[in-house]
Amino acid sequence: MLDKYNFKESEPKWQEFWQKERVYAFDPNSTKPIFSIDNPPPTVSGHIHIGHIFSYSQSEFIARYKRMTGFNVFYPFGFDDNGLPTERLVEKMRDVRAHSLPREEFRDICLDVAKQFEEDYKRVFIMAGNSADFELKYNTVSDKVQKISQKSFLDLYKKGDVYYGDKPAIWCPECRTSIAQAELESKELESSFNYINFECEELSKALEIATTRPEMLCACVCVFVHPDDERFKDFVGKEVIVPLYNFKVPVLADETVEKDKGTGAVMCCTFGDETDLMWQQKHNLPIKLAIDDGGRMTAIAGKYEGMKIKVARAEIIKDLQESGKLNKSEQITHAVSTHERCGTPMELLIKKQWFVDLLSHKEDFLKMGEKVKWYPDYMKNRYIDWVSNVDRDWCISRQRYFGVPIPVWYCRHCGEVIVANEEQLPVNPLVDKPPVSTCPKCGHCEFEPETDVFDTWHTSSVTPQINCGWGTERYNKMMPMSLRTNAHEIIRTWDFYTIVKSFYHSNCLPWENVMISGFVMADKDNKISKSKNNAKFSPESLLNEKSADVTRYWSATGSLGKDIIFSEGEFKNGAKLVNKIWNASKFVLSFLTDYEVVEPKLLPIDKWVIAKFNQMQKNFKNYMDKYEIGLAMAELERYFWNFCDNYIEIAKRRLYNPQIFGQDATDSAKYACFMVLKEMLKMFAIYLPHICEEIYKDYFEKYEKEISIHKTQMQTINIDADDNIIKQGDDVVEIVSNIRKYKSENNLSLKYEIENLEIKGYPEYVKEYDGDIKAVGCVHNIIYTSNEEKEVVIK
RNA sequence: GGGAGUUUAGCUCAGUUGGUAGAGCACCUGCCUUACAAGCAGAUGGUCAUAGGUUCGAGUCCUAUAAUUCCCACCA
């Protein structure tokens, strides 16, 4: 029989059991309806933090709930191990730079590191009781996934939704690669606003401009003023001299110039920022590139060539000052778009890149966002907001190493693009040959392989295609998937790009529902982050010290979509709950040895506890169906404490003393205890899978005939009772509570015996509960009187 | 500047369609009660951010304001 519960022994034992018995495996032959979850593949970028445990637990609760309510749950687990995040991890860990190693060598190191981390990730997720089916595991760098990623590209290419373009792309000089709009993060940075004179010979006066990027002077192609700006009217159409470089540029008018900003005159350099880009296109200006792909000044910068941007800027400011062209320099902080991975300000560089067309189909993407059900629903606004603001196509080529190769060659002679055949996939153009021996356009036979790889999102945006087996029969059966789960910061990337891909590939939603989780905060104002080093616990220490069940409990205390503050108090509550479940089960089951399940004639209070259970379960399911895992648990927890404090207290008198209360009364209590505890444990098993399994295996397995509680189905308990039973039982609890109150207020022990009790004003039916009231209140005689205000009087 | 979330007890948060303000923690008072003292029974504690409005009735609906967090825009 149940002795002491020791989670340190119990949790690893059951984790091993579940894996060995494949308790969470998807059954491809089942006739049950499928519930499929597009589970986020964690990025292999370092160690897991408690935010992972938090958000993966939240979505995992849903998998367990669906499994126990009649669904064949498809819950795969993936690892996003290709791409920049993994490269950065490797560079840091092994102290190497990707571009200074042979490509294959670097790739091998990456594979090695990724493998090591994946093992570690998997171990920790299993430690946390995660119920994903690890046999449905995928790695984004695997051949199988590369094939799908490349197929996705071919499909887009065939349909004309991807194009190869020679246009300015967002560039990270630190990572030496192009990046996408979605990977930018606005950051407040210190800078200086420099007021510089551009002399105009014709007018014999100077035009003063203001700039934060004086190092771009060499790339200046013109100066803009507002057409209505009286101050500069005579400059328009004239030429001015760029200081230090002494070449002339025209002064042009454009109504997008803000008169109040700086001096009202602005130099346009190609490309200092997005506005320059817009002007260049609008006015068809020449292009002068001052910055190279490593973030150093190019030859046009003259004596500053080879300097890093920041160094060149400081030097130029000094030189401008010395030459008397700098009127003033103000210290400012301004918002700068930086690469979210490394914090480096972005540059705009012209390089041939592959782009996925986003701008032509924004309306469709918005419509699809409307069709998806978002939980919580306001998260839809983030999606809509982002899609509405997208103003660039999606650049998917990366000048990096550890990623899915772009399956393309170029004709050395005419530049014609040769894409791979689908049969060839996965393909690496650096190693493999193109599908044609001569260029279909010019007939030449030499080809240049593409060296770029895909943006990681290009691959992770096809997780539904990966999960559902794109191209197989299963794909059509399973698409759209039931549920996507992720935290709110990747709505604009993962969710958006996945919708884009599903639109282009299959013109359908990738999934019907999206469940969005929040972040874990260290306190009210600070996110838990590695850089701040403010996580009190690592996931492992938490799981080891507090137990997986308690950590999961904590994950369920937040409400959906909201950030949660790490609070040790919630861990304490979780530990109390686990302890209480153990004690209550141990106690109840001690009366149920060799229990034979026969529905007896139930006493009213036993009907009450069952009816209350059914009512609670209905509420629980309502919340779960809305993905409100926290509110659902609160409902269950509240019922459980009421079950212990009120029901068990009443029932135990009968359980102990069949000789006093009669065998029928004892059997009635036994039945209610058995059924309610069994069904309650199933529900708790969603949150606290280990302790519930422990109790189940020890006792309930022989009744349920499933090898694990996690394979059982949640049930309502049939009883023959009218709706009034709940009201009646609640009245009885109220009476008992009054008796307890009397004893407490008079500093009496609860077992103090009351000779006479008068119950006034309660309906007739309370008399049916007479025996239980007497027993739990230690009352000898009860007098019932009606026609008065409700009152319980101790005499 | 645009959008969204939040604001309820000292703390952390519930409060579904409007109908007498809830839980846990903390604090306080009792109680060794044939499961559990990591327990049990009680008590205290709130102008539901502010100001208007709709309504017989508003924490809940509407309008405005404030504080705070997040997303987007702002990069000359």
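Keep in mind that the numbers below use all heavy atoms, side chains included, and drop hydrogens, waters and symmetry copies. Just so it is clear: chains get the letters A, B, ... in the order the sequence lines come, proteins before strands, and each one is counted from 1.
Here the shortest heavy-atom pairing between A487(A) and I516(A) reads C-CG2, 4.0 Å.
On a pure distance criterion of 3.5 Å, a polar donor-acceptor pair joins the side chain of K261(A) and the base of A76(B). With hydrogens and angles left out, the side chain of T557(A) and the base of C13(B) share no donor-acceptor pair within 3.5 Å.
Checked for salt-bridge contact, K546(A) and E570(A) miss the test: no charged N lies under 4.0 Å from a carboxylate O.
Atoms CH2 (W374(A)) and P (C71(B)) sit 16 Å apart, rounded to a whole Å. The distance from atom CZ of F587(A) to atom P of A35(B) is 5 Å, rounded to the nearest whole Å. Computed from coordinates, the K751(A) NZ to U34(B) P distance equals 5 Å when rounded to whole Å. Summarising the geometry, the separation between CG on N579(A) and P on A37(B) is reported as 9 Å, rounded to the nearest angstrom. Rounding to whole angstrom units, CZ of residue F566(A) and C1' of U12(B) are separated by 14 Å.
Scanning RNA chain B for stems, defined as runs of 3 or more consecutive Watson-Crick or G-U wobble pairs whose donor-acceptor distances all fall under 3.5 Å, gives the following ranges: B:1-7 with B:66-72, B:10-13 with B:22-25, B:28-31 with B:39-42, B:49-53 with B:61-65.
Residue K562(A) has no polar side-chain atom (N or O) positioned under 4.0 Å from OP1 or OP2 of G5(B). Regarding contacts with the backbone of A41(B), every side-chain N or O of S737(A) stays at 4.0 angstrom or more from both OP1 and OP2. Residue H334(A) places at least one side-chain N or O under 4.0 Å from the OP1 or OP2 atom of A76(B). For K580(A), no side-chain nitrogen or oxygen approaches OP1 or OP2 of A38(B) to under 4.0 Å.
Residues T270(A) and L289(A) have side chains not in contact (no heavy-atom distance under 4.5 Å, counting atoms from C-beta outward).
For residues 736-747 of chain A, no residue pair satisfies the salt bridge (Lys or Arg N to Asp or Glu O under 4.0 Å) rule, not counting sequence neighbours.
D606(A) and Y647(A) form a side-chain donor-acceptor contact under 3.5 Å, judged by distance and modelled atom types alone.
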Fill in the blank from the handout: Protein-proximity profile, nucleotides 18-29 of chain B, B/S/- by nucleotide at the 4.0 Å heavy-atom cutoff, equals ------SSS---

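The aromatic rings of F684(A) and F640(A) sit perpendicular, their planes meeting at an angle over 60°, well past the 30° parallel limit. Between Y699(A) and F674(A), the ring planes lie perpendicular to each other; the angle is over 60°, past the 30° to 60° tilted range.
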